[in-house]
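As structure tokens, the structure follows; a few thoughts come after it.
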Amino acid sequence: MLKIYNTLTRNKQDFIPVEPNKVRMYVCGMTVYDYCHLGHARVMVVFDMAYRWFKASGYDVIYVRNITDIDDKIIKRAGENKESIHVLTQRFIDAMHEDERGLGILPPDFEPRATQYVAQMLAMIAKLETNGLAYLAADGDVNYAVRKFDGYGKLSGKSLEDLRAGERVNVNDGKSDPLDFVLWKHARDDEPEEVKWPSPWGRGRPGWHIECSAMGSELLGKHFDIHGGGADLQFPHHENEIAQSEGAHQCQYVNYWMHNGFVRVDDEKMSKSLGNFFTIREVLKKYDAEVVRFFILRAHYRSQLNYSDAHLNDAKGALTRLYTALKTIPVRPELDETTSHSTRPSENASQVAGYVEGWHIDWNTPHAQRFKAAMDDDFNTPEAIAVLFDLANEVNRIQSFDAAAQLKSLGATLGLLQRDPQAFLQGGAEGDLSEAQINAQIAARIAAKQVKNYAESDRIRKELLEAGIVLEDSAAGTTWRRA
RNA sequence: GGCGGGGUAGCAAAAUGGUUAUGCAGCGGAUUGCAAAUCCGUCUAUAGCGGUUCGAUUCCGCUCCCCGCCUCCA
């Protein structure tokens, strides 16, 4: 039985879907005014992992991850760049998709953009107004009356009194209560026409929170299973979503709330002011994408994750061990379940290399059972990965083809280990030497060894090592990998 | 100030009321012309103080320290 830590109840709970065998999951995605950073990478990888695990567990999953393509920062950035909102957002949406492909992220089933759901948002705001939860303020904004909603604060564990006590200096902006939030922002003169939609309350644009409520219920229904996002979205964003959705629909919105921990850099919060902000593309220039994915999955999704070169190098070494095992004992095609059953990928999935729709894993083996138990325990990927290492040891120890096949197929459920081992081990940053040069050096070394000229063979090996190439002799011959 | 999450060996990171986590690094051995890889063995833990218990790293309390949210933020 899968257990999920639910922020709403602050407990691990058995996962019982609203509809048997179906999972409907909504994750807050990116605001597209810049390149995705490592924090985004973690959200993408973590929920991709969950998505894969639901599928591997036999659920029918509908995964929605939205794109916020209208908001203050976008308008500001477009203004600075002197370009249209649409051009700006499309550019960063494309960049985001590129980053995702790099990280082996399966495309969500739906990727709705806020600007395409303005009608649904307006309908929802109207409903809130009818239900007495929304009001038109003097300044033209439509606000949510937080005090009219019973249970405001139930997700973040805050009470309105506490919030009021810790309230920051607030200019009066037409809200009847400082804690009220905007559903619909009236159009400003200095804003481009592009961001002005007609509405019963005058021209304007949606507030930030309403888009998720509207798109969630449109695509997944008024009541669905899982809603995820970064830990910081818990409040106010997700709290406000609950207020909107439950206020409008008068029923439970989401059963399980999942929040992933933050990424830190060298033990400091990643922020633009500290200048320690890393975009995904920057990191991918330096590290193999699978190493980054492995690095993220190696920590539990709810814990903090500290990014540093040392940790990435560590992750690289660990992943190298797994691939080395797979290189030593190649998975025989007839045993390679992960690839032999990949003939029916969904349209989405087929775009991602290494993804397999049909995992025909024998869950009755001890390793698979341990793996499953770990994953079922609130997606305990560190524990699941430990099982992978035990399998690698078995592969190396008893040359087990079965263990190798299992290693690869279990890896697939995490989106790992699906590449040709050689390609992984020899990939990465191009050194000064071409593959042909490396092979020539290896041939020269073998020749030297044959005449027992070890001084020469060792010299060649050392030279290659200095160029980042590690040689490995075995009975089958000499192979190389990048250090 | 309010709410929440943590402090595990050199580093990273799980788990657990009594029994090897795991990876990297270290040490010893096997293997190797020597290495690398691999295998075997091995050393470093549970912030501090109390309490519960036959027994606590694990449960409870207190102290110290770290972090997050309360403001846009993944």
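Order of the sequence lines fixes the chain letters, A, B, ..., with proteins taken first and strands second; residue numbering starts at 1 for each chain. Computed from heavy atoms alone, side chains included, the values below leave out hydrogens, waters and symmetry copies.
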At 4.0 Å (heavy atoms only), tell me whether [X] reaches a base, stays on the sugar-phosphate, or touches nothing.
| X | value |
| --- | --- |
| Ser474(A) | nothing |
| Val387(A) | nothing |
| Glu472(A) | base |
| Lys452(A) | nothing |
| Ser156(A) | sugar-phosphate |
| Gly29(A) | sugar-phosphate |
| Arg370(A) | nothing |
| Asp72(A) | nothing |
| Gly230(A) | sugar-phosphate |
| Arg42(A) | nothing |
| Leu471(A) | base |

Considering only NZ, NE, NH1 and NH2 on the basic side and carboxylate oxygens on the acidic side, decide whether [X] and [Y] come within less than 4.0 Å.
| X | Y | value |
| --- | --- | --- |
| Glu80(A) | Arg77(A) | yes |
| Asp190(A) | Arg188(A) | no |
| Glu246(A) | Lys154(A) | yes |
| Glu282(A) | Lys285(A) | no |
| Arg147(A) | Asp177(A) | yes |
| Asp288(A) | Arg419(A) | yes |

Donor-acceptor pair present, [X] side chain and [N] base, under 3.5 Å:
| X | N | answer |
| --- | --- | --- |
| Arg461(A) | A35(B) | yes |
| Arg264(A) | C67(B) | no |
| Lys158(A) | C69(B) | yes |
| His300(A) | A14(B) | no |
| Asp458(A) | G33(B) | yes |

Please tell me whether [X] and [Y] have a donor and an acceptor in their side chains that are separated by less than 3.5 angstrom.
| X | Y | answer |
| --- | --- | --- |
| His300(A) | Ser303(A) | no |
| Gln234(A) | Thr7(A) | no |
| Asp94(A) | Gln90(A) | yes |

Check whether any side-chain nitrogen or oxygen of [X] sits under 4.0 Å from OP1 or OP2 of [N], and answer yes or no.
| X | N | answer |
| --- | --- | --- |
| Arg481(A) | A37(B) | yes |
| Asn453(A) | G33(B) | no |
| Asn313(A) | C24(B) | no |
| Trp208(A) | C73(B) | yes |
| Thr320(A) | A37(B) | no |
| Arg302(A) | G6(B) | no |
| Lys269(A) | C69(B) | yes |
| Asn396(A) | C39(B) | yes |

From [options], pick the nucleotide closest to the side chain of [X]?
| X | options | answer |
| --- | --- | --- |
| Asp473(A) | C34(B), A74(B), G68(B) | C34(B) |
| Lys449(A) | A36(B), A12(B), G33(B) | G33(B) |
| Phe235(A) | A12(B), C70(B), G23(B) | C70(B) |
| Ala318(A) | A14(B), A74(B), G23(B) | G23(B) |
| Thr31(A) | G23(B), C67(B), A74(B) | A74(B) |

**For Ala114(A) against Met121(A), the heavy-atom pair lying closest together** = O-CE, 3.1 Å
Pairwise [atom1] distance, [M] and [N] [rounded to whole Å]:
| N | M | atom1 | value |
| --- | --- | --- | --- |
| G50(B) | A12(B) | P | 29 Å |
| A74(B) | C64(B) | C1' | 32 Å |
| U53(B) | G48(B) | P | 23 Å |
| U8(B) | C66(B) | C1' | 15 Å |
| U20(B) | C73(B) | C1' | 43 Å |
| A13(B) | A47(B) | P | 15 Å |
| G4(B) | A9(B) | P | 27 Å |
| A45(B) | U16(B) | C1' | 14 Å |

Under 30°, 30 to 60°, or over 60°: which ring-plane class applies to [X] and [Y], parallel, tilted or perpendicular?
| X | Y | answer |
| --- | --- | --- |
| His238(A) | His259(A) | tilted |
| Phe277(A) | His37(A) | perpendicular |
| Phe379(A) | Phe54(A) | perpendicular |
| Phe92(A) | Tyr35(A) | perpendicular |

**Request:** Would you please determine if the base of G33(B) is stacked by Tyr454(A), with stacking meaning a centroid separation under 5.5 angstrom and planes under 30 degrees?
**Result:** yes
**Prompt:** Are Phe262(A) and the base of A74(B) stacked, counting only ring centres nearer than 5.5 Å and planes tilted under 30°?
**Reply:** yes
**Message:** Give the residues of residues 374-384 of chain A touching RNA chain B, defined as any heavy atom closer than 4.0 Å, sorted by residue number.
**Reply:** Asn380(A), Pro382(A), Glu383(A)
**Request:** Assign each of Asp314(A) and Val470(A) to its nearest nucleotide of RNA chain B by heavy atoms, then name whichever residue's nucleotide is nearer the 5' end.
**Result:** Asp314(A)
**Prompt:** Taking the nucleotide of RNA chain B with the closest heavy atom to each, which residue, Ala455(A) or Val263(A), is nearer the 5' end?
**Reply:** Ala455(A)
Euclidean distance, atom [atom1] of residue [X] to atom [atom2] of [N] [Å, nearest integer]:
| X | N | atom1 | atom2 | value |
| --- | --- | --- | --- | --- |
| His259(A) | A74(B) | NE2 | P | 13 Å |
| Gln234(A) | C73(B) | CD | C1' | 14 Å |
| His237(A) | G68(B) | NE2 | C1' | 18 Å |
| Arg77(A) | C73(B) | CZ | P | 15 Å |

**Message:** As a test of your reading of the structure, name each stem of RNA chain B as range with range, where a stem is three or more consecutive Watson-Crick or G-U pairs at under 3.5 Å.
**Reply:** B:1-7 with B:64-70, B:10-12 with B:22-24, B:26-30 with B:38-42, B:47-51 with B:59-63
